[in-house]
Amino acid sequence: MSEMKVSGLLNDAQYNSRPMTVRSFSANVSGEEVAGFYRRRWEDAFSESRFGPWQQIGTLADECFFTVQYGEAGGNAFGRLLISVVPSGESNAPLGQGVVKPSDGVVVSDLLTNDGPKEGRVTVISSEQTVSEVASFYQTEMTVDGWGLDQHFAERGGVVLVFRKGTDENNIVIMPAGDATQILVNEVEIN
């Protein structure tokens, strides 16, 4: 929309092995006006849904899925514009390839980013091991791999570990999640 002020959010990213680009926007129009614009633009080839706090509208075109996620505050719309490549066939690379995880770890989601001066990765993993077993695993594995433990603290049944190797950082949050343990690994590598 011409009323949108757009800025880059993720320019070179892969989410679950799918390339994607994400922009943020704000506009001095209502959320309904944003949706109306895309309904007209995409004619009858769109789908609308709710995703957490976001309303969203999307369409499939040119082997890409275009999604507009929007909200409203004070009568003004804001949100994200996402473009992702539609998967074609089976991916050869397993999800989370190369990430350090316990032997029973299952990768739930994997986001890789590259913004030039740094590369990042946010991976969510599920494990049947206890929080303390997973914390012990990471303390051992990361140390063997040359990472130094910079911070370690426990809160509300979970554990946070911060490792450093030179200018690179690896934050690991380990939390109980019902009968399983959820692990969030946030890697930042300075180029």
Side-chain angles (χ1 to χ4, degrees), residues 9-22 47 49-56 58 60 63-67 69 80 82-115 118-191:
L9 199 55
L10 292 173
N11 293 320
D12 183 7
Q14 285 192 28
Y15 179 71
N16 290 348
S17 302
R18 291 187 336 202
M20 70 181 331
T21 299
V22 182
S47 174
S49 61
R50 184 165 189 82
F51 181 71
W54 301 102
Q55 293 291 333
Q56 59 185 15
L60 180 64
E63 299 180 18
C64 289
F65 194 71
F66 297 85
T67 306
Q69 294 179 328
R80 301 183 286 215
L82 300 91
I83 303 171
S84 60
V85 176
V86 175
S88 58
E90 291 289 321
S91 172
N92 293 335
L95 199 57
Q97 184 173 5
V99 73
V100 176
K101 64 183 189 299
S103 59
D104 73 331
V106 175
V107 176
V108 176
S109 68
D110 194 24
L111 172 66
L112 294 116
T113 61
N114 183 345
D115 68 3
K118 68 180 190 295
E119 294 179 21
R121 183 176 201 169
V122 178
T123 307
V124 177
I125 303 164
S126 178
S127 171
E128 296 298 317
Q129 296 181 40
T130 66
V131 169
S132 61
E133 289 170 329
V134 171
S136 178
F137 164 81
Y138 277 104
Q139 288 175 319
T140 300
E141 290 300 311
M142 298 299 283
T143 302
V144 166
D145 198 27
W147 291 85
L149 183 62
D150 189 47
Q151 294 182 46
H152 173 266
F153 57 93
E155 186 175 319
R156 297 183 185 169
V159 173
V160 176
L161 304 169
V162 179
F163 294 94
R164 293 197 190 282
K165 185 193 289 187
T167 57
D168 298 341
E169 184 174 292
N170 203 319
N171 299 285
I172 302 170
V173 180
I174 307 161
M175 297 293 297
D179 293 339
T181 298
Q182 180 175 301
I183 307 154
L184 183 134
V185 179
N186 182 3
E187 302 174 32
V188 177
E189 181 180 317
I190 306 299
N191 293 329

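Throughout, residue positions are numbered sequentially from 1 according to the sequence presented.
- For Arg80, there are no salt bridge (Lys or Arg N to Asp or Glu O under 4.0 Å) partners at least two apart in sequence or on another chain.
- Contact of the Gln139 side chain with the Leu161 side chain is registered, since non-hydrogen atoms from C-beta on lie closer than 4.5 Å.
- A side-chain contact (heavy atoms from CB on, under 4.5 Å) with Val185 is found for one member of Asp110, Ile125, Asn171 and no other, namely Ile125.
- The backbone N or O of Asp145 sits less than 3.5 Å from a side-chain atom of Lys165, completing a donor-acceptor pair.
- Annotation: salt bridge (Lys or Arg N to Asp or Glu O under 4.0 Å) contacts involving residues 166-176, sequence neighbours excluded, comprise Arg164-Glu169.
- Proximity of a side-chain donor or acceptor of Thr140 to a complementary backbone N or O of Ser136 within less than 3.5 Å is detected.
- Across all non-hydrogen atoms, the minimal contact from Val86 to Cys64 is CG2-C, 3.9 Å.
- In this structure, Thr167 OG1 and Asn191 CG are separated by 9.0 Å, a value rounded to the nearest 0.5 Å.
- Residues forming a side-chain hydrogen bond (donor to acceptor under 3.5 Å, both in side chains) with Asn11 (at least two apart in sequence, or on another chain): Arg23.
- Note that CG of Leu184 and OG1 of Thr123 are 8.0 Å apart. Values are rounded to the nearest 0.5 Å.
- Remark: Gln56 engages Ser49, Gln69 in a side-chain hydrogen bond (donor to acceptor under 3.5 Å, both in side chains) (not counting sequence neighbours).
- Rounded to the nearest 0.5 angstrom, Trp54 CH2 and Thr67 OG1 are separated by 12.5 Å.
- Taking CD1 of Ile172 as the start and OH of Tyr138 as the end, the distance is 5.5 Å to the nearest 0.5 Å.
- Take Ser84 and apply the side-chain contact (heavy atoms from CB on, under 4.5 Å) test, not counting sequence neighbours, and it matches Arg18, Met20, Phe65.
- In this structure, CG on Asn16 lies 4.5 Å from CG on Leu95, to the nearest 0.5 angstrom.
- Between Asp104 and Ser127, the closest heavy-atom pair is OD1-OG, 2.8 Å.
- The backbone N or O of Gln129 lies less than 3.5 Å from a partner atom in the side chain of Thr181, making a donor-acceptor pair.
- With hydrogens and angles ignored, the 3.5 Å screen pairs no side-chain donor or acceptor of Asp150 with any backbone N or O of Phe163.
- In terms of heavy-atom proximity, Gly158 sits nearest to Met175 at CA-SD, 3.6 Å.
- Residues satisfying the side-chain hydrogen bond (donor to acceptor under 3.5 Å, both in side chains) test with Glu119, not counting sequence neighbours, are none.
- Of the possible donor and acceptor atoms, none in the side chain of Tyr15 sits under 3.5 Å from a partner among the backbone N and O of Ser109.
- Atoms CG and CG, on Asn170 and Asn186 in that order, are 7.5 Å from each other to the nearest 0.5 Å.
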